[in-house]
Amino acid sequence: MTNDPSLRVSTKRRRILGFAAAMLWTLALGGTLAWNLWQQGGVLLDEGRNQARAALETQAAMRYFVTHVGGIYVPVAKGVEPNPFLAHLSYRDIPGPNSGTLTLVNSSYLIRLVDEMTPGRDRVRVRAVAIDPLSEKNAPDTWEREALRRIRSGASEWGEMVVEEGKRWWRELRPRIASAECLDCHRGQGVKTGEILGGLSVRVPLDPLQAIMARQRMGVWLGYGLIWFLGLGGGIWGYVLTGRWARQRVAMEGKLKRELDNERTLGDILEISLAEMPFESRLHRILEVTTRSSLADLEPRGAVFLADPETESLHMAAQVGLAPVLLDACAQISFGHCLCGRAASTRELVFAGCVDERHETRYPNMTAHGHYCMPIHSGERLLGVFTLYIAEGHVRDQQEQLFLTSVADILGNLIERHLARQSLEHQAFYDELTGLPNRSLFLDRLRHHLGGGRGQGEVLSAVMFLDLDRFKTINDALGHDHGDRLLSEAARRIAGCVRPQDTVARLGGDEFTVLLEEVANPATVTHIAERIHRALEESFNLDGRRVTTSTSIGIAFTDTLELSPDGLLRDADTAMYQAKAEGTGRTVIFDVGMHSAAQQVLTLEQDLRAAVVEGQIEAWYQPIVDLTDGTIHGFEVLARWRHPERGIISLGEFIPAAEEAGIVRDIDRHMLEQACAALVDWRSRFATDTMDSLHLAVNLSCKHFAQGDFMDCLLSTTKAAGVRPEQIRLEITESLLLRDPESAGQVLNRLRGMGFKVALDDFGTGYSSLAYLHRLPAQVLKIDRSFVAGFLNDTAQSALVASIIRIAHGFQMEVVAEGIETEAQAQALAAMGCQLGQGFYYSHPVPREEVDELLQACKLPLCTTG
Ligand code: C2E
Ligand code: CA
Ligand code: CA
């Protein structure tokens with residue numbers, strides 16, 4: 001408290017004031033006492049004078065009486081002799097009672113007798129003195145003579161204090177004027193009336209009075225002393241009390257001031273934490289404000305660290321006043337190391353009053369200091385630590401700890417918001433799976449690159465568009481987890497093929513892009529593309545399963561006409577499509593001609609949409625026959641587009657486009673309706689026994705299959721047409737079923753429950769394992785035509801086809817071979833136990849009008865029927 005300078009000043013002033021007040025009090029009281037004592041000195045004389053006067057009055061009265069009555073007679077006794085100076089009076093002595101004598105006593109004689117007969121010397125004594133005494137006893141002493149002289153010189157009376165025989169007396173003398181009565185005794189002396197005969201002299205002892213006075217004075221002294229003492233004591237008590245109050249007030253003021261400062265500083269810090277400025281600047285400003293605050297005995301030095309839970313370390317994010325050597329030494333601190341690391345690992349405040357053994361980071365010429373290391377956290381999560389330097393020997397106190405906790409809270413909030421923002425930004429600009437930039441960031445970088453004027457003129461840059469071949473099949477077959485792992489690994493491989501300054505991004509799905517900035521020439525880019533091909537063609541190990549893939553790459557250079565980021569990307573995409581069209585693992589460099597091709601695809605999509613609406617899509621039928629005798633078992637319904645200009649187009653090549661355009665569902669439904677109508681028509685016109693066993697196989701897109709109302713749609717369509725579900729087979733590709741076997745199984749079971757039969761289309765092209773077959777409640781398996789095309793000349797493939805047929809039979813499935821083009825194929829398949837088949841050998845898909853002919857023939861191929 002005494003550290004407060006204002007308090008020190010006021011204490012000094014108070015001391016001076018207190019001292020002055022005590023002096024004044026003492027002086028005032030001393031003065032009053034002195035005046036009082038001086039007054040008492042006068043009182044002594046007054047008292048002496050009063051007593052003298054009283055005695056004189058008494059004497060005068062007595063004398064007046066005695067004189068007036070002409071004297072009094074008293075018996076002559078011892079000490080009372082007849083007055084010789086009255087011997088001239090005949091009536092001086094008269095006979096008294098008991099034969100004694102009475103003698104006349106005049107006033108002077110009476111006074112003398114009274115005086116002589118009254119015992120004690122130190123008492124008030126009155127006697128008569130005469131200028132011309134008759135008796136020697138009445139002769140004046142020296143003082144009386146002087147007094148008489150003064151009276152004769154005009155004074156009416158004379159009195160003063162004298163010291164005689166070591167004692168103090170008040171002496172007074174009053175003149176005795178001769179009256180007619182006096183002449184009786186003094187006639188002989190020739191006295192005249194009115195003449196001064198002498199005086200009445202009185203002596204009052206002052207010492208007894210003095211003793212009384214001394215006692216009184218003692219009382220006064222004591223009284224004053226007491227008052228002085230009480231006054232001074234009260235003053236000191238008041239001084240001490242007010243001093244304490246002042247200290248308490250100052251302490252309270254100090255506390256309030258600190259609290260106010262606290263609030264103000266925290267307000268400032270909060271404001272900074274919300275200000276529009278970079279995160280690091282905000283941390284720095286907060287440090288500055290905190291270290292400058294008057295709350296703690298802080299030095300203008302400190303740092304804020306951010307925690308990285310993965311590496312269990314702190315990273316310096318902001319600092320003020322740190323020694324340069326520390327910027328390196330403390331750039332990264334492991335949890336548990338030094339003071340800050342301890343605060344991080346214990347998540348508790350670490351306080352050090354000096355550089356103690358916990359302070360592990362030291363450097364030459366380090367000045368003595370202490371630390372506050374405060375963990376910053378949000379709930380359980382440690383976000384960082386901030387450290388502040390304090391003067392050595394500083395004693396921590398509750399209030400500053402509270403302040404620092406509040407600062408840590410604000411910092412925690414700020415860091416949390418920053419992290420959330422970073423993560424949002426990351427989410428907005430980076431692909432979560434691969435960690436690569438996403439489309440937005442890629443386009444942004446491309447825009448930036450092009451905007452900076454680079455990649456133009458002399459400098460050449462390129463955009464690569466990559467799409468993994470057959471990824472969808474792999475993904476469907478092996479599941480999304482494996483698909484994701486393949487994508488991550490592919491991303492890593494692609495990134496490994498380019499320079500660090502190039503940008504590799506994932507646009508989504510299996511599409512990647514690469515921005516190659518400032519390349520030497522086109523050959524460099526194709527060289528990089530080759531490298532990427534080689535890298536991706538190496539097999540991927542997904543949980544022990546070896547999977548191979550390849551990629552199609554389209555390249556667009558910045559020296560084309562197109563210089564908008566979107567345009568460049570679209571060009572590279574177009575080139576990639578071209579590469580895909582040419583096969584797998586190809587690279588195509590964009591050229592302007594591709595624009596029109598891409599344009600055509602777009603037009604096609606629009607035309608297809610119109611075709612569906614205008615009814616240009618027709619159902620064609622390809623018979624499915626018994627391989628042993630060629631009897632027709634059913635028909636596969638295949639979509640054909642009767643194009644106004646281009647004639648009949650197989651829809652097979654447009655199915656992906658139709659799926660993209662979202663119209664495949666309408667096509668499938670349309671095919672089903674037409675098929676049902678056809679079946680009803682044939683039933684009415686052909687023999688019932690053939691018709692009852694005839695089935696129609698309808699293809700269903702996987703997009704369609706995934707839709708919720710799919711089954712309702714099937715049921716309502718067949719019901720409306722009056723067709724039994726048993727007559728309809730639904731062809732579904734195996735990849736669709738393998739993607740989610742659980743729910744696919746449920747759907748298939750329901751379809752089966754409704755009476756539909758399910759056929760696994762294109763079996764063998766996907767990644768399905770034969771082992772999966774039992775989990776798929778399909779009743780028909782269709783061997784893909786690629787197997788049929790090659791198996792006759794390939795013993796391995798032939799063995800594969802044979803085992804597919806065997807296993808399918810093992811699961812009580814019907815087997816249909818697709819794409820039979822020759823009799824040999826048909827016979828070989830029949831020999832392997834495959835009952836049914838379809839293909840050009842028997843019949844191409846035909847329009848509905850031509851089906852009648854086939855049905856009438858009953859047996860196929862037509863040419864062999866006889
Ligand atoms: P898919 O289901 O495997 O259909 C059989 C395809 O093989 C048909 O091609 C057919 O014309 C062709 N084909 C039949 N016999 C032979 C043969 O001996 N040799 C050769 N090389 N090919 C033969 P298409 O009509 O071009 O259909 C192609 C694919 O398009 C179909 O393959 C099917 O997946 C899909 N598709 C066709 N129509 C529809 C439809 O209405 N809806 C759906 N979702 N997909 C359809
Ligand atoms: Ca089919
Ligand atoms: Ca097929």
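Start at 1 and go down the list; that is how both ligands and their atoms are numbered.
Interface atoms of ligand 1 facing Asp762, defined by a heavy-atom separation under 4.0 Å, are 3 (O). Each of the atoms 14 (C), 15 (N) of ligand 1 lies under 4.0 Å from some heavy atom of Gln622. When each atom of ligand 1 is checked for a heavy atom of Pro845 under 4.0 Å away, the hits are 11 (O). Close approach of ligand 1 to Ser650 (heavy-atom distance below 4.0 Å) involves ligand atoms 24 (P), 25 (O), 26 (O). Per-residue contacts place Gly839 under 4.0 angstrom from the following atoms of ligand 1 (heavy atoms of the residue considered): 15 (N), 18 (O). Using a 4.0 Å cut-off to heavy atoms of Ser701, the atoms of ligand 1 that qualify are 44 (N). Distances below 4.0 Å separate heavy atoms of Met671 from the following atoms of ligand 1: 41 (O).
For Ser539, the side-chain contact (heavy atoms from CB on, under 4.5 Å) partners are Arg546, Thr548, not counting sequence neighbours. Residues meeting the side-chain contact (heavy atoms from CB on, under 4.5 Å) test with Ser650, sequence neighbours left out: Arg640.
Enclosure of atom CD in Glu853 is not indicated, since only 12 or fewer non-hydrogen atoms of other residues, nucleotides or ligands lie within 6.0 angstrom. Within 6.0 Å of atom CZ in Phe791, more than 12 heavy atoms from other residues, nucleotides or ligands are found, so the atom counts as buried in its surroundings. Within 6.0 Å of CZ in Arg750 there are 12 or fewer heavy atoms belonging to other residues, nucleotides or ligands.
Selection from Ile732, Asn699, Val698 by nearest heavy atom to atom 34 (O) of ligand 1 gives Asn699. Of the candidates Glu818, His670, Arg665, Gln825, the one placing a heavy atom closest to atom 3 (O) of ligand 1 is Glu818. Of the listed options Asp668, Ile649, Ile667, Asp668 places a heavy atom closest to atom 42 (N) of ligand 1. For atom 6 (C) of ligand 1, the choice among Gln674, Glu821, Arg785 with the nearest heavy atom turns out to be Arg785.
For the ligand labelled ligand 1, residue Lys782 lies outside the 4.0 Å heavy-atom shell. At least one heavy atom of Arg640 sits under 4.0 Å from some atom of ligand 1.
If you look at Ala639 next to ligand 1, the close heavy atoms, those under 4.0 Å, come from the backbone and the side chain alike. Neither the backbone nor the side chain of Thr733 has a heavy atom within less than 4.0 Å of ligand 1.
Within Glu636, OE2 is the N, O or S atom that lies nearest to the Ca ion (ligand 2). The atom of Glu731 nearest to the Ca ion (ligand 2) is OE1, with the search restricted to N, O or S atoms. Restricting Asp761 to its N, O or S atoms, the one at the least distance from the Ca ion (ligand 2) is OD2.
Looking at Glu489 and Arg485, no side-chain N of the basic residue comes within less than 4.0 Å of a carboxylate O on the acidic one, giving no salt bridge. The existence of a salt bridge linking Asp566 and Arg570 is excluded, since no basic side-chain nitrogen approaches an acidic carboxylate oxygen closer than 4.0 Å. A salt bridge links Glu673 with Arg669: at least one charged nitrogen is closer than 4.0 Å to a carboxylate oxygen. Look at Lys782 and Glu636 and you find a salt bridge, because one of the NZ, NE, NH1 or NH2 atoms lies within 4.0 Å of a carboxylate O, short of that distance.
Aromatic ring orientation, Phe635 versus Tyr621: perpendicular (interplanar angle above 60°, classes split at 30° and 60°).
Side-chain N/O atoms of Asp467 and Ser552 include no donor and acceptor closer than 3.5 Å.
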Stepwise salt bridge (Lys or Arg N to Asp or Glu O under 4.0 Å) test for Asp476 and Lys472: CA-CA 6 Å; Asp476 289 344; Lys472 221 172 102 48; 3.5 Å; yes
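Of the polar atoms of Phe840, at least one N or O is found under 3.5 Å from an N or O of ligand 1, judged by distance alone.
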